[in-house]
Amino acid sequence: MNAPEDHRHTTRYEEGGAPASRSRDRDEQGRARSARPRDGLGRPLPYGSPGVARQPEGVPRTPDEALIEAQRLLDAGMPFHAHEVLEDAWKAAPEAERQLWRGLAQLAVGLTHAARGNVTGGAALLGRGAAALAPYAKAAPYGIDVDGLTAWARDLTGTLARVPEDGTLAGVPADGADGTVSASGAAPRLRAG
């Protein structure tokens with residue numbers, strides 16, 4: 001009879017080549033978390049590298065607080081983190097507002113993908129986010145600039161559609177790293193004014 005397989009997650013090797021196991025990082029409910037450090041766009045960094053602190057999940061915020069924090073993170077070039085704040089608002093929102101918050105979170109993720117250089121993913125999420133916001137255009141709550149955000153998403157999507165194969169964008173604020181756009185330079189305004 002064969003010995004049962006060892007299904008432990010192995011990621012590193014001890015001296016001599018033997019696998020070293022590391023237990024998975026889990027939250028109180030047993031869901032997997034990633035303890036791996038991340039950069040400002042949420043990309044994983046090597047273990048032991050200094051990273052950007054993640055946004056804590058499940059933080060109760062008023063809609064006003066969520067919009068202020070998300071805007072601060074967008075302006076700082078951290079749309080991945082802004083998405084986490086907006087996702088918390090989406091999960092806590094009354095049913096009538098869930099698509100609004102979902103759309104805002106999708107716009108932040110779309111900008112994240114665009115800044116990471118994922119043109120196709122960025123454009124897809126920008127389109128989904130704008131579509132989710134559209135029903136709120138006539139009576140946008142909390143001062144959210146639905147028309148401005150929809151125009152921003154359309155403009156950025158159009159810009160991404162013109163990305164040549166070398167990935168460079170003329171006339172678009174570049175972050176100087178491997179992204180096609182500057183996350184902070186291309187950040188939208190969530191509210192009018």
Side-chain angles (χ1 to χ4, degrees), residues 27 31 33-45 49-93 97-119 121-133 136 140-157 159-160 169 172-193:
D27 67 11
R31 292 183 304 239
R33 291 189 296 203
S34 176
R36 195 167 174 185
R38 306 272 175 166
D39 71 6
L41 291 174
R43 292 175 289 209
L45 298 170
S49 298
V52 175
R54 294 189 71 174
Q55 290 297 300
E57 292 183 42
V59 174
R61 294 180 179 92
T62 66
D64 188 56
E65 291 168 336
L67 290 166
I68 289 169
E69 180 65 2
Q71 188 67 64
R72 181 187 74 75
L73 292 164
L74 287 167
D75 292 345
M78 297 177 16
F80 177 81
H81 296 76
H83 136 265
E84 291 178 330
V85 169
L86 294 165
E87 188 174 272
D88 277 346
W90 161 22
K91 291 176 181 177
E97 293 179 8
R98 286 213 174 125
Q99 288 304 310
L100 172 78
W101 293 101
R102 180 180 183 195
L104 292 171
Q106 287 173 321
L107 293 180
V109 173
L111 177 56
T112 300
H113 282 289
R116 288 178 177 176
N118 178 357
V119 172
L125 282 156
L126 291 167
R128 281 187 227 146
L133 292 180
Y136 299 92
Y142 315 114
I144 295 171
D145 185 6
V146 170
D147 290 336
L149 288 166
T150 302
W152 169 83
R154 184 178 52 250
D155 291 347
L156 185 53
T157 299
T159 299
L160 293 174
L169 290 171
V172 176
D175 67 3
D178 59 356
T180 58
V181 299
S182 165
S184 60
R189 304 301 310 159
L190 298 176
R191 292 175 158 163

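Looking only at side-chain heavy atoms (C-beta outward), Thr150 and Arg154 come within less than 4.5 Å of each other. Side-chain contact between Arg61 and Asp88: present, with at least one pair of heavy atoms (C-beta onward) separated by less than 4.5 Å. By the 4.5 Å heavy-atom criterion applied to side chains, Asp145 and Asp147 are counted as neighbours. Within the 4.5 Å cutoff, side-chain heavy atoms of Leu160 are placed close to those of Leu126. Between Leu190 and Leu149, some side-chain heavy-atom pair lies under the 4.5 Å cut-off. Side-chain atoms of Arg191 and Ile68, non-hydrogen and from C-beta on, do get closer than 4.5 Å to each other.
Rounding to the nearest 0.5 Å places NE2 of His83 at 12.0 Å from CG of Leu74. Interatomic distance, Arg38 CZ to Met78 CE, rounded to the nearest 0.5 Å: 13.5 Å. Separation of atoms CG (Leu100) and CZ (Arg98) is listed at 12.5 Å; rounding is to 0.5 Å.
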Residues 101-111, side-chain donor-acceptor partners within the protein, below 3.5 Å, at least two apart:
unit_1	atom_1	unit_2	atom_2	d
Trp101	NE1	Glu97	OE1	3.4

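The two atoms that bring Phe80 and Arg116 nearest to each other are CD1-NH2, 3.9 Å, heavy atoms only. Of all heavy-atom pairs spanning Asp39 and Arg43, the tightest one is OD2-NE, 2.6 Å. The shortest heavy-atom contact between Ala123 and Thr157 is CB-CG2, 4.0 Å. Nearest heavy atoms, Ala76 versus Ser184: C-CB, 4.2 Å. Between Ala82 and Ala70, the closest heavy-atom pair is CB-O, 3.6 Å.
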Worked check of side-chain contact (heavy atoms from CB on, under 4.5 Å) between Tyr142 and Leu67: CA-CA 9 Å; Tyr142 315 114; Leu67 290 166; 3.6 Å; yes
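In terms of the salt bridge (charged side-chain N to carboxylate O under 4.0 Å, His left out) criterion, Asp155 has no residue partners (sequence neighbours excluded). A search for ring-ring contact (aromatic ring centres under 6.0 Å, His included) contacts involving His81 returns nothing, not counting sequence neighbours.
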